[in-house]
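Order of the sequence lines sets the chain letters (A, B, ...), proteins ahead of strands, with each chain counted from 1.
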Protein chains: 2
Amino acid sequence: MKAEPYKNYDTVLIAVDSIIFGFDGVKLKALLIKRNFEPETNKWSLMGGFVRADESVDDAATRVLTQLTGLSDIYMEQLACFGDINRDSAGRVIAIAYFALIKIDDHSDEVLQQFNARWFDLNKIPKMIFDHKKMLQVAREHLQVKAASQPIGFELLPKKFTLSQLQNLYEAIYETSFDKRNFTRKIKSLGVLQKLNEKEKETSRKGSFYYLFDKQQYKKLEKDIKKFI
Amino acid sequence: MKAEPYKNYDTVLIAVDSIIFGFDGVKLKALLIKRNFEPETNKWSLMGGFVRADESVDDAATRVLTQLTGLSDIYMEQLACFGDINRDSAGRVIAIAYFALIKIDDHSDEVLQQFNARWFDLNKIPKMIFDHKKMLQVAREHLQVKAASQPIGFELLPKKFTLSQLQNLYEAIYETSFDKRNFTRKIKSLGVLQKLNEKEKETSRKGSFYYLFDKQQYKKLEKDIKKFI
DNA sequence: GTTTTAATGGTAATAAGTACACTAATTGGA
DNA sequence: TCCAATTAGTGTACTTATTACCATTAAAAC
(Lines give C-alpha, C1' and ligand atoms only; values in the text may rest on other atoms or scores of the structure.)
Protein backbone atom coordinates (compact mmCIF):
# COMPACT_ATOMS: atom_id res chain seq x y z
CA MET A 1 0.00 0.00 0.00
CA LYS A 2 1.43 3.30 -1.00
CA ALA A 3 1.36 6.35 1.16
CA GLU A 4 -1.00 9.02 -0.06
CA PRO A 5 1.26 11.89 -0.97
CA TYR A 6 3.55 9.49 -2.76
CA LYS A 7 1.04 7.53 -4.76
CA ASN A 8 2.42 8.48 -8.13
CA TYR A 9 5.88 7.17 -7.53
CA ASP A 10 7.30 3.78 -8.38
CA THR A 11 8.06 1.14 -5.80
CA VAL A 12 10.77 -1.45 -6.07
CA LEU A 13 12.03 -4.57 -4.36
CA ILE A 14 14.85 -4.15 -1.87
CA ALA A 15 17.31 -6.94 -1.34
CA VAL A 16 19.83 -7.24 1.44
CA ASP A 17 22.98 -9.12 0.46
CA SER A 18 25.73 -9.94 2.88
CA ILE A 19 29.39 -10.30 2.20
CA ILE A 20 30.56 -12.60 4.96
CA PHE A 21 34.22 -12.91 5.75
CA GLY A 22 35.83 -15.56 7.86
CA PHE A 23 39.39 -16.53 8.72
CA ASP A 24 40.55 -20.12 9.07
CA GLY A 25 43.88 -19.30 10.69
CA VAL A 26 45.70 -19.06 7.39
CA LYS A 27 43.46 -17.56 4.78
CA LEU A 28 40.62 -15.13 4.50
CA LYS A 29 37.44 -16.68 3.20
CA ALA A 30 34.07 -15.55 1.97
CA LEU A 31 30.88 -17.47 2.54
CA LEU A 32 28.81 -18.09 -0.58
CA ILE A 33 25.76 -20.15 -1.30
CA LYS A 34 24.87 -22.29 -4.24
CA ARG A 35 21.33 -21.27 -4.98
CA ASN A 36 18.68 -23.95 -4.94
CA PHE A 37 15.95 -21.49 -5.84
CA GLU A 38 14.96 -19.14 -8.62
CA PRO A 39 16.33 -17.17 -10.30
CA GLU A 40 19.84 -18.21 -11.25
CA THR A 41 19.42 -21.64 -9.70
CA ASN A 42 22.64 -23.56 -9.11
CA LYS A 43 24.83 -20.53 -9.38
CA TRP A 44 26.91 -19.05 -6.60
CA SER A 45 25.80 -15.91 -4.86
CA LEU A 46 26.00 -13.95 -1.65
CA MET A 47 23.53 -14.68 1.07
CA GLY A 48 20.57 -12.44 0.69
CA GLY A 49 16.88 -11.90 0.94
CA PHE A 50 14.24 -9.24 0.60
CA VAL A 51 13.27 -6.49 2.95
CA ARG A 52 9.70 -6.86 4.16
CA ALA A 53 7.31 -4.02 4.58
CA ASP A 54 7.30 -4.45 8.34
CA GLU A 55 11.01 -4.44 9.10
CA SER A 56 13.90 -2.03 8.80
CA VAL A 57 16.61 -2.67 6.26
CA ASP A 58 19.13 -3.40 9.00
CA ASP A 59 16.72 -5.81 10.64
CA ALA A 60 16.18 -7.57 7.37
CA ALA A 61 19.89 -8.05 6.92
CA THR A 62 20.20 -9.44 10.42
CA ARG A 63 17.23 -11.71 9.96
CA VAL A 64 18.53 -13.15 6.72
CA LEU A 65 21.94 -13.73 8.16
CA THR A 66 20.60 -15.41 11.24
CA GLN A 67 18.36 -17.65 9.17
CA LEU A 68 21.13 -18.71 6.88
CA THR A 69 23.94 -19.17 9.34
CA GLY A 70 22.22 -20.03 12.58
CA LEU A 71 24.45 -17.46 14.28
CA SER A 72 23.02 -14.55 16.14
CA ASP A 73 25.71 -12.15 17.23
CA ILE A 74 27.45 -11.37 14.01
CA TYR A 75 29.47 -8.25 13.40
CA MET A 76 27.66 -6.45 10.66
CA GLU A 77 27.55 -3.06 9.09
CA GLN A 78 26.00 -1.48 6.08
CA LEU A 79 28.31 -1.32 3.13
CA ALA A 80 26.67 0.27 0.12
CA CYS A 81 23.63 0.42 -2.09
CA PHE A 82 23.76 -1.18 -5.51
CA GLY A 83 21.04 0.32 -7.61
CA ASP A 84 21.71 -0.21 -11.26
CA ILE A 85 18.64 -0.72 -13.26
CA ASN A 86 19.41 -4.11 -14.73
CA ARG A 87 21.58 -5.53 -12.03
CA ASP A 88 19.14 -8.35 -11.31
CA SER A 89 18.20 -10.58 -14.23
CA ALA A 90 14.71 -11.20 -12.88
CA GLY A 91 13.48 -7.68 -12.28
CA ARG A 92 14.14 -4.33 -10.73
CA VAL A 93 15.80 -4.93 -7.41
CA ILE A 94 17.87 -2.50 -5.45
CA ALA A 95 20.36 -4.17 -3.17
CA ILE A 96 21.76 -2.96 0.10
CA ALA A 97 25.02 -4.77 0.73
CA TYR A 98 26.13 -5.63 4.23
CA PHE A 99 29.58 -6.38 5.45
CA ALA A 100 29.78 -9.16 8.00
CA LEU A 101 32.58 -10.83 9.92
CA ILE A 102 32.18 -14.16 11.60
CA LYS A 103 34.32 -16.52 13.58
CA ILE A 104 34.58 -19.67 11.53
CA ASP A 105 34.11 -22.68 13.67
CA ASP A 106 33.26 -26.27 13.20
CA HIS A 107 29.80 -26.71 14.70
CA SER A 108 28.15 -24.66 11.99
CA ASP A 109 28.83 -27.29 9.39
CA GLU A 110 25.29 -28.62 9.36
CA VAL A 111 23.90 -25.19 8.69
CA LEU A 112 26.35 -24.67 5.87
CA GLN A 113 25.26 -27.94 4.27
CA GLN A 114 21.61 -27.22 4.80
CA PHE A 115 21.87 -24.00 2.85
CA ASN A 116 24.36 -25.17 0.33
CA ALA A 117 26.93 -22.75 1.63
CA ARG A 118 30.69 -22.94 1.32
CA TRP A 119 33.71 -20.95 2.38
CA PHE A 120 35.83 -19.79 -0.52
CA ASP A 121 39.38 -18.64 -0.45
CA LEU A 122 39.37 -15.02 -1.62
CA ASN A 123 41.48 -15.72 -4.61
CA LYS A 124 39.44 -18.72 -5.65
CA ILE A 125 36.06 -17.09 -5.87
CA PRO A 126 33.81 -18.77 -8.45
CA LYS A 127 31.66 -16.94 -10.95
CA MET A 128 28.87 -15.19 -9.09
CA ILE A 129 25.47 -13.89 -10.11
CA PHE A 130 24.53 -10.30 -10.86
CA ASP A 131 26.91 -7.74 -9.41
CA HIS A 132 27.82 -9.89 -6.44
CA LYS A 133 31.45 -10.08 -7.33
CA LYS A 134 31.61 -6.33 -7.39
CA MET A 135 30.03 -6.26 -3.95
CA LEU A 136 32.64 -8.65 -2.70
CA GLN A 137 35.35 -6.45 -4.14
CA VAL A 138 33.97 -3.36 -2.43
CA ALA A 139 33.73 -5.29 0.82
CA ARG A 140 37.33 -6.39 0.57
CA GLU A 141 38.50 -2.84 0.17
CA HIS A 142 36.33 -1.81 3.05
CA LEU A 143 37.88 -4.50 5.21
CA GLN A 144 41.33 -3.12 4.54
CA VAL A 145 40.35 0.44 5.28
CA LYS A 146 38.35 -0.37 8.35
CA ALA A 147 40.80 -2.81 9.86
CA ALA A 148 43.48 -0.15 9.75
CA SER A 149 41.64 2.15 12.08
CA GLN A 150 39.48 -0.08 14.19
CA PRO A 151 39.90 -3.40 15.95
CA ILE A 152 37.49 -5.37 13.81
CA GLY A 153 40.01 -8.11 13.19
CA PHE A 154 39.07 -9.74 16.46
CA GLU A 155 35.64 -10.46 15.05
CA LEU A 156 37.32 -12.96 12.77
CA LEU A 157 39.35 -14.72 15.42
CA PRO A 158 38.27 -17.06 18.18
CA LYS A 159 37.92 -15.45 21.58
CA LYS A 160 41.32 -16.77 22.53
CA PHE A 161 43.98 -16.35 19.90
CA THR A 162 47.72 -16.33 19.65
CA LEU A 163 49.86 -13.49 18.42
CA SER A 164 50.80 -15.55 15.41
CA GLN A 165 47.17 -16.04 14.52
CA LEU A 166 46.59 -12.33 14.87
CA GLN A 167 49.52 -11.53 12.66
CA ASN A 168 48.47 -14.12 10.09
CA LEU A 169 45.08 -12.51 9.97
CA TYR A 170 46.39 -9.03 9.28
CA GLU A 171 48.81 -10.40 6.76
CA ALA A 172 45.89 -12.06 5.00
CA ILE A 173 43.84 -8.88 5.06
CA TYR A 174 46.61 -6.79 3.56
CA GLU A 175 48.12 -9.53 1.44
CA THR A 176 51.56 -8.76 2.72
CA SER A 177 53.85 -9.82 5.51
CA PHE A 178 54.92 -7.91 8.57
CA ASP A 179 58.04 -8.06 10.62
CA LYS A 180 57.10 -10.12 13.65
CA ARG A 181 58.82 -7.95 16.21
CA ASN A 182 57.47 -4.70 14.86
CA PHE A 183 54.02 -6.18 14.66
CA THR A 184 54.11 -7.53 18.18
CA ARG A 185 55.54 -4.34 19.57
CA LYS A 186 52.92 -2.23 17.95
CA ILE A 187 49.93 -4.31 18.85
CA LYS A 188 51.08 -4.72 22.42
CA SER A 189 51.75 -1.03 22.77
CA LEU A 190 48.06 -0.35 22.20
CA GLY A 191 47.38 -1.97 25.53
CA VAL A 192 44.23 -3.79 24.53
CA LEU A 193 45.44 -7.37 24.65
CA GLN A 194 45.16 -9.51 27.70
CA LYS A 195 47.58 -12.38 28.02
CA LEU A 196 46.27 -15.65 29.35
CA ASN A 197 48.17 -18.29 31.25
CA GLU A 198 47.22 -20.85 28.72
CA LYS A 199 48.95 -22.06 25.64
CA GLU A 200 47.97 -23.21 22.24
CA LYS A 201 49.91 -26.39 21.58
CA GLU A 202 48.79 -27.57 18.19
CA THR A 203 51.17 -25.74 15.94
CA SER A 204 54.35 -25.81 17.96
CA ARG A 205 56.14 -27.72 20.62
CA LYS A 206 56.79 -24.73 22.73
CA GLY A 207 53.23 -23.56 22.50
CA SER A 208 52.20 -19.97 22.28
CA PHE A 209 50.19 -17.99 24.74
CA TYR A 210 46.61 -17.16 24.16
CA TYR A 211 45.43 -13.59 24.31
CA LEU A 212 42.07 -11.94 24.64
CA PHE A 213 41.00 -8.67 23.15
CA ASP A 214 40.03 -6.41 26.03
CA LYS A 215 37.08 -4.53 24.64
CA GLN A 216 36.47 -2.41 27.69
CA GLN A 217 40.06 -1.28 27.74
CA TYR A 218 39.75 -0.43 24.07
CA LYS A 219 36.68 1.68 24.73
CA LYS A 220 38.65 3.67 27.28
CA LEU A 221 41.57 4.22 24.94
CA GLU A 222 39.55 4.58 21.78
CA LYS A 223 40.00 8.29 21.37
CA ASP A 224 43.78 7.97 21.61
CA ILE A 225 44.02 5.23 19.03
CA LYS A 226 43.80 6.75 15.60
CA LYS A 227 45.42 3.93 13.74
CA PHE A 228 45.03 0.37 14.75
CA ILE A 229 47.61 -1.19 12.47
CA MET B 1 5.30 -4.67 -12.35
CA LYS B 2 7.00 -7.25 -10.24
CA ALA B 3 9.38 -9.80 -11.59
CA GLU B 4 8.04 -13.32 -11.63
CA PRO B 5 10.20 -15.20 -9.18
CA TYR B 6 9.83 -12.36 -6.71
CA LYS B 7 6.13 -11.81 -6.85
CA ASN B 8 5.52 -12.60 -3.22
CA TYR B 9 7.82 -9.95 -1.85
CA ASP B 10 7.01 -6.41 -0.79
CA THR B 11 8.03 -3.37 -2.74
CA VAL B 12 8.80 0.02 -1.29
CA LEU B 13 9.49 3.58 -2.33
CA ILE B 14 13.10 4.62 -2.61
CA ALA B 15 14.08 8.19 -1.96
CA VAL B 16 17.38 9.82 -2.76
CA ASP B 17 18.32 12.61 -0.37
CA SER B 18 21.38 14.76 -0.80
CA ILE B 19 23.44 16.42 1.85
CA ILE B 20 24.99 19.34 0.04
CA PHE B 21 27.94 21.15 1.52
CA GLY B 22 29.29 24.49 0.45
CA PHE B 23 31.96 26.87 1.73
CA ASP B 24 31.62 30.61 1.69
CA GLY B 25 35.26 31.37 2.47
CA VAL B 26 34.72 31.37 6.19
CA LYS B 27 32.19 28.79 7.16
CA LEU B 28 30.92 25.46 6.01
CA LYS B 29 27.30 25.47 4.99
CA ALA B 30 24.62 22.97 4.14
CA LEU B 31 21.93 23.59 1.55
CA LEU B 32 18.40 22.91 2.75
CA ILE B 33 15.00 23.54 1.25
CA LYS B 34 11.82 24.72 2.81
CA ARG B 35 9.26 22.32 1.45
CA ASN B 36 6.36 23.73 -0.50
CA PHE B 37 4.85 20.32 -1.09
CA GLU B 38 3.44 17.41 0.86
CA PRO B 39 4.16 15.93 3.28
CA GLU B 40 5.70 18.12 5.97
CA THR B 41 5.01 21.27 4.02
CA ASN B 42 6.89 24.36 5.21
CA LYS B 43 9.47 22.40 7.11
CA TRP B 44 13.13 22.24 6.31
CA SER B 45 14.57 19.18 4.66
CA LEU B 46 17.33 17.90 2.47
CA MET B 47 16.90 17.98 -1.25
CA GLY B 48 15.44 14.75 -2.39
CA GLY B 49 13.19 12.86 -4.69
CA PHE B 50 12.14 9.37 -5.63
CA VAL B 51 13.89 6.78 -7.71
CA ARG B 52 11.95 5.91 -10.81
CA ALA B 53 11.56 2.44 -12.16
CA ASP B 54 13.58 3.32 -15.23
CA GLU B 55 16.66 4.84 -13.68
CA SER B 56 19.49 3.72 -11.43
CA VAL B 57 19.68 5.03 -7.90
CA ASP B 58 22.78 7.05 -8.71
CA ASP B 59 21.10 8.51 -11.76
CA ALA B 60 18.11 9.49 -9.68
CA ALA B 61 20.30 11.32 -7.22
CA THR B 62 22.03 13.17 -10.02
CA ARG B 63 18.76 14.03 -11.69
CA VAL B 64 17.24 15.40 -8.52
CA LEU B 65 20.28 17.46 -7.73
CA THR B 66 20.48 18.88 -11.20
CA GLN B 67 16.81 19.79 -11.16
CA LEU B 68 17.03 21.51 -7.85
CA THR B 69 20.30 23.35 -8.20
CA GLY B 70 20.64 23.90 -11.91
CA LEU B 71 24.20 22.66 -11.63
CA SER B 72 25.37 19.71 -13.59
CA ASP B 73 28.86 18.72 -12.54
CA ILE B 74 28.54 18.26 -8.87
CA TYR B 75 30.82 16.11 -6.78
CA MET B 76 28.64 13.39 -5.45
CA GLU B 77 28.96 10.02 -3.81
CA GLN B 78 26.72 7.57 -2.12
CA LEU B 79 26.72 7.92 1.62
CA ALA B 80 24.39 5.44 3.30
CA CYS B 81 21.00 3.83 3.29
CA PHE B 82 18.47 4.87 5.91
CA GLY B 83 15.90 2.16 6.18
CA ASP B 84 14.03 2.43 9.43
CA ILE B 85 10.47 1.43 9.15
CA ASN B 86 8.82 4.62 10.33
CA ARG B 87 11.39 7.14 9.27
CA ASP B 88 9.00 8.86 6.88
CA SER B 89 5.76 10.11 8.37
CA ALA B 90 3.83 9.51 5.18
CA GLY B 91 4.65 5.90 4.46
CA ARG B 92 7.35 3.32 4.05
CA VAL B 93 10.23 4.94 2.27
CA ILE B 94 13.81 3.80 2.24
CA ALA B 95 16.27 6.60 1.63
CA ILE B 96 19.64 6.47 0.00
CA ALA B 97 21.61 9.47 1.17
CA TYR B 98 24.11 11.15 -1.11
CA PHE B 99 26.99 13.33 -0.14
CA ALA B 100 27.53 16.32 -2.42
CA LEU B 101 30.01 19.17 -2.53
CA ILE B 102 29.43 22.30 -4.51
CA LYS B 103 31.17 25.55 -5.13
CA ILE B 104 28.96 28.26 -3.74
CA ASP B 105 28.71 31.14 -6.09
CA ASP B 106 26.46 34.03 -6.72
CA HIS B 107 24.76 33.26 -9.99
CA SER B 108 22.80 30.37 -8.53
CA ASP B 109 20.71 32.68 -6.38
CA GLU B 110 17.69 32.54 -8.62
CA VAL B 111 17.59 28.77 -8.46
CA LEU B 112 17.86 28.87 -4.71
CA GLN B 113 14.89 31.20 -4.49
CA GLN B 114 12.90 29.21 -6.96
CA PHE B 115 13.18 26.11 -4.84
CA ASN B 116 13.01 27.81 -1.50
CA ALA B 117 16.55 26.78 -0.73
CA ARG B 118 18.96 28.33 1.70
CA TRP B 119 22.50 27.84 2.89
CA PHE B 120 22.77 27.18 6.61
CA ASP B 121 25.77 27.50 8.78
CA LEU B 122 26.50 24.05 10.15
CA ASN B 123 25.98 25.07 13.72
CA LYS B 124 22.77 26.88 12.98
CA ILE B 125 20.83 24.09 11.35
CA PRO B 126 17.09 24.39 11.88
CA LYS B 127 14.82 21.54 12.85
CA MET B 128 14.57 19.13 9.96
CA ILE B 129 12.06 16.51 8.95
CA PHE B 130 12.34 12.76 9.47
CA ASP B 131 15.88 11.55 10.04
CA HIS B 132 17.42 14.26 7.90
CA LYS B 133 19.45 15.71 10.72
CA LYS B 134 20.97 12.33 11.33
CA MET B 135 21.88 12.14 7.65
CA LEU B 136 23.53 15.50 7.89
CA GLN B 137 25.48 14.35 10.90
CA VAL B 138 26.69 11.23 9.13
CA ALA B 139 27.66 13.33 6.14
CA ARG B 140 29.66 15.68 8.32
CA GLU B 141 31.64 12.83 9.76
CA HIS B 142 32.16 11.45 6.31
CA LEU B 143 33.48 14.79 5.14
CA GLN B 144 36.10 14.75 7.87
CA VAL B 145 37.19 11.22 7.15
CA LYS B 146 37.23 11.60 3.41
CA ALA B 147 38.92 14.99 3.32
CA ALA B 148 41.79 13.54 5.32
CA SER B 149 42.70 11.06 2.66
CA GLN B 150 41.54 12.56 -0.59
CA PRO B 151 41.57 16.00 -2.17
CA ILE B 152 37.86 16.60 -2.09
CA GLY B 153 38.25 19.98 -0.44
CA PHE B 154 38.85 21.58 -3.82
CA GLU B 155 35.31 20.74 -4.78
CA LEU B 156 34.23 23.35 -2.26
CA LEU B 157 36.56 26.11 -3.42
CA PRO B 158 36.51 28.23 -6.53
CA LYS B 159 38.87 27.12 -9.26
CA LYS B 160 41.36 29.76 -8.20
CA PHE B 161 41.90 29.98 -4.47
CA THR B 162 44.47 31.31 -2.07
CA LEU B 163 46.35 29.30 0.49
CA SER B 164 44.48 31.12 3.23
CA GLN B 165 41.16 30.13 1.74
CA LEU B 166 42.33 26.56 1.55
CA GLN B 167 43.45 26.61 5.14
CA ASN B 168 40.23 28.24 6.28
CA LEU B 169 38.33 25.48 4.58
CA TYR B 170 40.20 22.70 6.31
CA GLU B 171 39.93 24.52 9.59
CA ALA B 172 36.20 24.70 9.09
CA ILE B 173 35.96 21.02 8.23
CA TYR B 174 37.88 19.95 11.31
CA GLU B 175 36.70 22.73 13.57
CA THR B 176 40.22 23.48 14.64
CA SER B 177 43.10 25.68 13.60
CA PHE B 178 46.34 24.73 11.99
CA ASP B 179 49.74 26.33 12.11
CA LYS B 180 50.07 28.30 8.93
CA ARG B 181 53.61 27.24 8.15
CA ASN B 182 53.01 23.58 8.76
CA PHE B 183 49.85 23.63 6.74
CA THR B 184 51.43 25.40 3.80
CA ARG B 185 54.46 23.20 3.84
CA LYS B 186 52.44 20.03 3.94
CA ILE B 187 50.04 20.96 1.21
CA LYS B 188 52.78 22.26 -1.02
CA SER B 189 54.86 19.14 -0.48
CA LEU B 190 52.15 17.08 -2.11
CA GLY B 191 52.99 18.75 -5.39
CA VAL B 192 49.46 19.15 -6.61
CA LEU B 193 49.08 22.91 -6.39
CA GLN B 194 49.85 25.19 -9.26
CA LYS B 195 50.74 28.76 -8.39
CA LEU B 196 49.34 31.48 -10.60
CA ASN B 197 50.85 34.87 -11.28
CA GLU B 198 47.77 36.54 -10.08
CA LYS B 199 46.79 37.88 -6.72
CA GLU B 200 43.65 38.13 -4.72
CA LYS B 201 43.52 41.66 -3.36
CA GLU B 202 40.26 41.91 -1.49
CA THR B 203 41.29 40.72 1.90
CA SER B 204 44.76 42.16 2.24
CA ARG B 205 46.92 44.98 1.06
CA LYS B 206 49.74 42.73 0.17
CA GLY B 207 47.55 40.38 -1.78
CA SER B 208 47.96 36.63 -1.88
CA PHE B 209 48.65 34.44 -4.83
CA TYR B 210 46.03 32.29 -6.39
CA TYR B 211 46.57 28.59 -6.81
CA LEU B 212 44.95 25.88 -8.86
CA PHE B 213 44.51 22.25 -7.93
CA ASP B 214 46.31 20.20 -10.53
CA LYS B 215 44.10 17.18 -10.92
CA GLN B 216 46.23 15.43 -13.48
CA GLN B 217 49.26 15.72 -11.31
CA TYR B 218 47.25 14.32 -8.44
CA LYS B 219 46.22 11.34 -10.51
CA LYS B 220 49.85 10.61 -11.17
CA LEU B 221 50.82 10.85 -7.54
CA GLU B 222 47.68 9.31 -6.12
CA LYS B 223 49.18 6.03 -5.08
CA ASP B 224 51.92 7.77 -3.09
CA ILE B 225 49.58 10.04 -1.20
CA LYS B 226 48.03 8.13 1.63
CA LYS B 227 47.05 11.07 3.72
CA PHE B 228 46.00 14.34 2.27
CA ILE B 229 45.96 16.39 5.44
C1' DG C 1 69.79 -33.76 23.05
C1' DT C 2 67.64 -32.49 18.82
C1' DT C 3 64.13 -30.11 16.75
C1' DT C 4 60.76 -26.70 16.34
C1' DT C 5 58.43 -22.49 16.90
C1' DA C 6 57.60 -18.67 20.42
C1' DA C 7 59.18 -14.74 22.54
C1' DT C 8 61.90 -11.03 23.14
C1' DG C 9 65.44 -6.37 22.70
C1' DG C 10 68.00 -3.43 20.33
C1' DT C 11 69.39 -0.08 17.18
C1' DA C 12 69.99 2.73 13.24
C1' DA C 13 67.86 5.22 9.66
C1' DT C 14 64.06 7.59 7.84
C1' DA C 15 59.89 9.90 7.73
C1' DA C 16 56.24 12.53 9.80
C1' DG C 17 54.57 15.76 12.89
C1' DT C 18 54.85 19.81 16.03
C1' DA C 19 56.16 24.19 18.01
C1' DC C 20 57.53 28.58 17.31
C1' DA C 21 58.46 34.38 15.35
C1' DC C 22 59.99 37.33 12.17
C1' DT C 23 60.23 39.83 7.50
C1' DA C 24 57.89 41.27 3.04
C1' DA C 25 54.64 43.62 0.31
C1' DT C 26 51.26 46.65 -0.26
C1' DT C 27 47.72 50.27 0.56
C1' DG C 28 45.40 54.04 2.72
C1' DG C 29 45.64 57.85 5.23
C1' DA C 30 48.22 61.45 7.83
C1' DT D 1 56.04 61.08 0.90
C1' DC D 2 56.19 58.52 4.69
C1' DC D 3 54.14 56.00 8.32
C1' DA D 4 50.80 52.67 10.06
C1' DA D 5 48.35 48.83 9.45
C1' DT D 6 47.40 44.45 7.65
C1' DT D 7 47.90 39.99 5.89
C1' DA D 8 51.29 37.00 3.16
C1' DG D 9 55.05 34.28 3.27
C1' DT D 10 58.89 31.69 5.06
C1' DG D 11 62.96 28.21 8.17
C1' DT D 12 64.68 25.59 11.90
C1' DA D 13 65.01 22.66 15.84
C1' DC D 14 62.84 19.12 18.27
C1' DT D 15 59.95 15.12 19.04
C1' DT D 16 57.66 11.20 17.73
C1' DA D 17 56.48 7.30 14.67
C1' DT D 18 57.78 3.95 11.33
C1' DT D 19 60.63 0.81 9.12
C1' DA D 20 64.30 -2.37 8.35
C1' DC D 21 67.42 -5.37 9.97
C1' DC D 22 69.62 -8.61 12.90
C1' DA D 23 70.10 -12.85 16.78
C1' DT D 24 69.44 -15.27 20.75
C1' DT D 25 67.03 -17.66 24.34
C1' DA D 26 62.93 -20.37 26.02
C1' DA D 27 59.90 -24.15 26.20
C1' DA D 28 58.30 -28.39 25.07
C1' DA D 29 57.96 -32.81 22.25
C1' DC D 30 59.99 -36.57 20.51
Side-chain angles (χ1 to χ4, degrees), chain A residues 25-26 144 147-149 157-158 160-171 173-212 221 223-229, chain B residues 25-26 144 147-151 157-158 160-212 221-229:
Chain A
V26 181
Q144 293 197 341
S149 63
L157 292 173
K160 300 186 294 189
F161 51 86
T162 66
L163 291 179
S164 304
Q165 286 168 349
L166 186 61
Q167 180 166 354
N168 286 341
L169 169 61
Y170 280 96
E171 289 181 343
I173 291 174
Y174 295 104
E175 297 179 284
T176 181
S177 63
F178 299 111
D179 179 85
K180 185 164 51 149
R181 273 159 300 190
N182 290 343
F183 181 85
T184 312
R185 205 185 350 230
K186 171 137 205 181
I187 200 92
K188 281 188 171 175
S189 75
L190 297 174
V192 296
L193 292 190
Q194 195 181 324
K195 189 176 187 172
L196 298 182
N197 250 334
E198 194 190 342
K199 282 187 168 183
E200 189 270 351
K201 301 295 257 307
E202 308 251 311
T203 53
S204 79
R205 298 195 170 153
K206 180 178 174 184
S208 56
F209 284 103
Y210 278 121
Y211 286 79
L212 298 179
L221 302 173
K223 54 190 167 306
D224 306 322
I225 300 179
K226 300 159 211 158
K227 247 184 100 180
F228 201 78
I229 289 297
Chain B
V26 180
Q144 292 197 341
S149 64
Q150 286 182 255
L157 292 172
K160 299 188 295 192
F161 52 85
T162 66
L163 291 179
S164 305
Q165 287 167 351
L166 186 61
Q167 182 168 351
N168 286 342
L169 169 63
Y170 280 95
E171 290 181 342
I173 292 174
Y174 295 104
E175 296 179 281
T176 184
S177 63
F178 299 111
D179 178 87
K180 188 165 46 151
R181 277 161 296 188
N182 292 341
F183 182 85
T184 312
R185 181 155 17 134
K186 172 136 204 182
I187 201 91
K188 282 188 171 171
S189 76
L190 297 174
V192 295
L193 292 190
Q194 196 181 325
K195 189 178 189 172
L196 298 184
N197 251 333
E198 194 188 344
K199 282 187 169 182
E200 188 270 353
K201 297 296 253 306
E202 309 252 309
T203 53
S204 80
R205 298 197 169 147
K206 182 177 176 182
S208 57
F209 285 103
Y210 278 120
Y211 287 78
L212 299 178
L221 302 173
E222 192 165 4
K223 56 190 166 304
D224 305 324
I225 300 179
K226 298 159 212 160
K227 247 183 101 181
F228 202 77
I229 290 295

List the steps and the verdict of side-chain contact (heavy atoms from CB on, under 4.5 Å) for B:F228 and B:I187. CA-CA 8 Å; B:F228 202 77; B:I187 201 91; 3.8 Å; yes

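- Here B:K188 lies in heavy-atom contact (under 4.0 Å) with sugar-phosphate atoms only.
- Judged purely by atom type and a 3.5 angstrom limit, A:K186 has no side-chain atom pairing as donor or acceptor with the backbone of A:I229.
- Counting non-hydrogen atoms under 4.0 angstrom, A:T184 reaches nothing in the nucleic acid.
- What separates CD1 of A:I187 from P of C:dA7 is a distance of 14 Å, to the nearest Å.
- Remark: A:K223 NZ is packed, more than 12 non-hydrogen atoms of other residues, nucleotides or ligands lying under 6.0 Å away.
- Residue contacts shown for B:T162 are absent, as no nucleic acid heavy atom lies under 4.0 Å away.
- Atom NZ in B:K180 sits roughly 11 Å away from atom C1' in C:dC22 (whole-Å rounding).
- One atom, CD1 of B:I225, and another, P of C:dA15, lie 16 Å apart when rounded to the nearest Å.
- As a whole-Å value, the separation of A:N168 CG from C:dT5 C1' is 13 Å.
- The nearest whole Å value for the distance from the CD1 atom in B:I229 to the C1' atom in C:dG17 is 13 Å.
- Panel note: side chain B:K180, backbone B:S164; no donor-acceptor pair is recorded below 3.5 Å.
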Evaluate the criterion side-chain contact (heavy atoms from CB on, under 4.5 Å) for residue pair A:T162 and A:T203; output intermediate values, then yes/no. CA-CA 11 Å; A:T162 66; A:T203 53; over 6 Å; no

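- With B:Y211 as the aromatic partner, B:K195 does not meet the cation-pi criteria of under 6.0 angstrom to the ring centre and within 45 degrees of the ring axis.
- For the pair A:K160 and A:E198, the tightest heavy-atom approach, listed with the atom from each and the gap, is NZ-OE2, 2.8 Å.
- Rounded to whole Å, the distance from CZ on B:F178 to C1' on C:dC20 is 18 Å.
- The ring pair (Phe, Tyr, Trp, His ring centres under 6.0 Å) check on B:F161 picks up B:F154, with sequence neighbours excluded.
- Rounded to an integer number of Å, the gap from CD of A:E202 to P of D:dA29 is 13 Å.
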Give every pair of a protein N or O atom and an N or O atom of nucleotides 18-21 of chain D that lie under 3.5 Å apart, one pair per line with the distance.
{"residue": "D:dT18", "atom": "OP1", "partner": "A:K186", "partner atom": "NZ", "Å": "3.3"}
{"residue": "D:dT18", "atom": "OP2", "partner": "A:K186", "partner atom": "NZ", "Å": "3.1"}
{"residue": "D:dA20", "atom": "N7", "partner": "A:N182", "partner atom": "ND2", "Å": "2.9"}

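- At least one donor-acceptor pair closer than 3.5 Å links the side chain of A:E171 to the backbone N or O of A:F178.
- In this structure, A:F183 atom CZ and C:dG9 atom C1' are separated by 18 Å, rounded to whole Å.
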For a quick check, with a 4.0 angstrom heavy-atom cut-off, what is the B/S/- contact string for nucleotides 23-30 of chain C, read 5' to 3'? -BBBBS--

